[in-house]
Amino acid sequence: MKTPNELTDAHIVLSAVQVTSEGDLESLLKIVRWRPEIFSDTFVYRLLLSFYPAETAEQSTLAKFLQSLGDQSNDAKGPEAPSLEPSTSNLTENEALRRCRALSLRSIPEYEPIRTRSELANVVIEWAKRLEQIHGSAQPAAEFVHNFIGHDSDLGLWYETYLAPLVRLQYEFYPDSENVIGLRDLETLSDKEGIQTLLQYAMKRHNPSEVARDLDYVVSPWVRGASQAKRRRVDYSAEDTTSDEKTWESLYDWLIATSMTEFSIAAKAYADWNGPVEYHRPTDEAVARFAQTGMAIVYGCSEASPEARSVCRLVIIKAAKLLNLGLPELSQPEPDISLPKGFATDLAETDLLINSLLKKSNKFTRVNEFSLHLLTGIFATAEILSGFGSPRTISELAHVSIFGSERRHKDELRRLLQHIPLHTRQEIDWRSVRRQLLWLQSWAKTQPVVAAQQRTAFLSHLPLSFVETQILDALLKAAQFAIVKEVYLDNPSPSLSGSEIEARVVAAILEAYDNASNGNRDRGGMKRANEILKAFRPSFPESSALSDIDHLIRATHSLSFYQLTLQHGVPFKPVSIRVQKDPLSLVEKVLEQDARAYTKLEDLLEISRNLVRAHLPNRGNVITEDAEPLQSRLLDAEHRITYQAIMAALGASDFDTAYAYITTRLNTSTEQSASSGSVDDVSWRAAYAAGKYRPSSSPKNLNTSIESLTQRMELLSRALMLAPSGEALSGILATWRRYEEELDALKTQAVEEERAFDAKADAAVPGAFGLDNRDADVAETKRVMARRSGPIGSGPSYEEEAPLGLFDVARGAASALRKSAAFPLGSTGLRDLKIHSDTATKHDAQREQAGSPVSDDGGRVRKRDMVANMVTSGLVSGMGWVLGAQPRDRVD
């Protein structure tokens, strides 16, 4: 056995390897101190990394050994030769040298993340990784590394960056979680991957407080250490703040990206997180970026719920506190927002995109006094719209407020006013609604004095008058008439003029009218229209438009009680009246479709009068002043509807009703027509149509037949009298001639029946004897005298009261023409015109023999004389037309 002095360096190295592999660090320390020229610290570290058994050895012994290597306090005692193993010391020199050369020593790895110059730090880190790999946990490695943190700052940085976060994850925060990331994997991850990995455990639990905790104690140390390691790679002597900021940017990006899907978690975590402020003295720019991240989270919020807005308040308040700015008035319902002139013009629409929110030049998210004011206005707008049942995100409201056009703002206002009555069943406080809408127009409680002083607001592109007009329309539609009168009519300084208010009232009535499905003014849209009219008619007593609408509603209401269907089976609606080119045609349709409508002529006439007085538009053009006087148009409408009612009555075989309408409703003379101021082309046509009428079945009673024929001939005489020209004379006379022939036959039949009845009555007298001719004449004379002196009401015979024949009438007309000075022919022009009729002569003789006066001499006026006078006056113009002569007073 060789003595220590005889051993070569190879023998000593082999002995050190042997005691190291056996875990005898005490003997190794003696060998190292005995021959320090052979065993440098680097060589010892390599021996430990290569041969020290990590599985079985006590880690505390290794820690003490490594600490004692640098301790020179024992060197003063002098080297002491250790006892070496015989198996090593007995080797020959060559054998020992050969074995030394065969040794495979591991090199000391240079830890890339921190780039430390300390070999001890690299050895400790490498050994910690071995322990974590062997035990499957970071706790043994942490206990081992903890012994050296105070001796090496680089090792302490590595510990805080990688090992401590893993220990917190595995033992403190999620002890039950499996497959927690290890040291080696964590070192290889990029910034984004590392943040995602370290926060995945808290995100799985959907707990914002746990996310904020992990941000503070797991992610932030890792990001901070990574940023310092980056600075070390660039310059060991100086700090690179740019690389530090870039490392934190990844964490800010994760917060914003997470807020897109898990807004509540990300935003609450941001509000509870201290950010990079705690870990080093941050620069002003670092604090500004942290605050800007909060603003970016708010603008990126995709939720519009009250809970989301509540979280946004926390974020905004935190961002304001970071920069020591005044807290925004986020709880005030309608704050006064004042932004500098030109502030909105410097904003870019692309800044509201998600990938642009964190740009340093983004004026939306860059925290300052004005960006906080803008966000305060947007926030108050969001609260108001949410109360209206129309929630919007912050980004949407910013887009509309800053970049919305006038058309977009009009659409927004109309959408709100349509939605407000629908979103709640509770009673709406319309005064509050109006106040809030006016605030949305200016973001101020008081309106700007000058129109040019336009503010940035949600509806800022709309004039105040337009907003007030739309609110007025909504109030009218909601039947808030008291508020309308209070705000717009009784107000000492109203925001709208009286003419504007009247126009909107008229428009509201017509809108309700046009949307009505039933013409009854007690139902639906007609009821709303009538209520608005009643409420505001006293406020505008001189309004012609409201007067017209009153007549229109009256006509529509009356028309709704009749059966009326338009073409293609479309039921009647009130709007049909306003779109008709000729509204009176609807009344005519009623007479066509309703079989008994003609019996309600007065009601139909009142409808037509109201339609005329309503001054309805013609083909969409409102006629303010009609060329024709109102009274003339009313008369024309009455004649027109009466004519249609007469035709409907004739169609229903109701001649009596038609006769009554003609004799009581239409003109009876040309003087009446002339006094009305218009040409009457209806009365004579109605009389002619009724005069031509023939009943479907002949009356069984001869008296009834003669009476009906007499009435029709009377109507023909009226037609002759009222006809404006002689064009229809031939037709009327032809009809008259046919009726005259019928009447002659009926008259002869009636005389025969009368005489037969008298003869039968005489024969039935007891003791009567036959009479000779002279006695018969005496009896006839007595009967005539008896009739003359008989009591009032005794009926005349058919002989006396039979209507005059055509030639009797013509002869009377000729006499009238001779005496008329209205013709240019003069009084002698027709003197020689004589019309003779044997029948007429015979009739005159019979009347003279019977003692009946031919003309009216104070005795009883005969009905046939009345008819003759009427026809004669008509034939004066008719015969004049036949002869080519016209009265001087007739207009060509």
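Just so you know, these numbers come straight off a predicted model, no measurement behind them.
Geometric assessment of Arg289 against the ring of Tyr252 yields a negative cation-pi assignment under the 6.0 Å and 45° thresholds. Note that Arg366 lies outside the cation-pi zone of Tyr299, set by a 6.0 Å cut-off to the ring centre and a 45° limit from the axis. Judged by the 6.0 Å and 45° rule, Lys204 forms no cation-pi pair with Tyr174. Both tests do not hold together for Arg504 against Phe540: distance to the six-membered ring centre under 6.0 Å, angle to the ring axis within 45°.
For NZ of Lys477, the number of neighbouring non-hydrogen atoms (other residues, nucleotides, ligands) closer than 6.0 Å is 12 at most. More than 12 heavy atoms of other residues, nucleotides or ligands sit less than 6.0 Å from atom CG of Asp346. Other residues, nucleotides and ligands contribute more than 12 heavy atoms inside 6.0 Å of the NE2 atom of His399.
Residues passing the side chain to side chain donor-acceptor pair (under 3.5 Å) test with Ser401: none are found, sequence neighbours excluded. Residues passing the side chain to side chain donor-acceptor pair (under 3.5 Å) test with Asn368 are Ser371, sequence neighbours excluded. A search for side chain to side chain donor-acceptor pair (under 3.5 Å) contacts involving Asp253 returns nothing, not counting sequence neighbours.
Using a cut-off of 4.0 Å between Lys/Arg side-chain N and Asp/Glu carboxylate O, Glu132 and Lys129 are scored as not salt-bridged. Electrostatic pairing of Glu412 and Arg392 counts as a salt bridge here, judged by a charged N lying under 4.0 Å from a carboxylate O.
From Phe388, atom CZ reaches atom CD of Glu383 across 12.0 Å, with rounding to the nearest 0.5 Å. The CG atom of Leu440 lies 10.5 Å from the NE2 atom of His409; values are rounded to the nearest 0.5 Å.
The one candidate from Leu347, Val298, Ile394 that meets the side chain to side chain contact (heavy atoms under 4.5 Å, CB included) condition with Phe364 is Leu347. Among Thr456, Leu352, Leu397, the single residue meeting the side chain to side chain contact (heavy atoms under 4.5 Å, CB included) criterion with Ile402 is Thr456.
A donor-acceptor contact under 3.5 angstrom links the side chains of Ser386 and Arg309, judged on distance only. Side-chain polar atoms of Trp443 and Ser460 form no donor-acceptor pair below 3.5 angstrom.
A ring-centre distance under 6.0 Å is found for Phe481 and Phe536. Between Tyr270 and Phe290, the distance separating the two ring centers is shorter than 6.0 angstrom.
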**Message:** For a side chain to side chain contact (heavy atoms under 4.5 Å, CB included) check, start with the C-alpha distance between Phe403 and Arg408, then their side-chain angles and the critical distance, and finish with the verdict.
**Reply:** CA-CA 9 Å; Phe403 308 109; Arg408 175 66 183 274; over 6 Å; no
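Listed for the Gln170 side chain is a donor-acceptor partner under 3.5 Å among the backbone atoms of Ala138.
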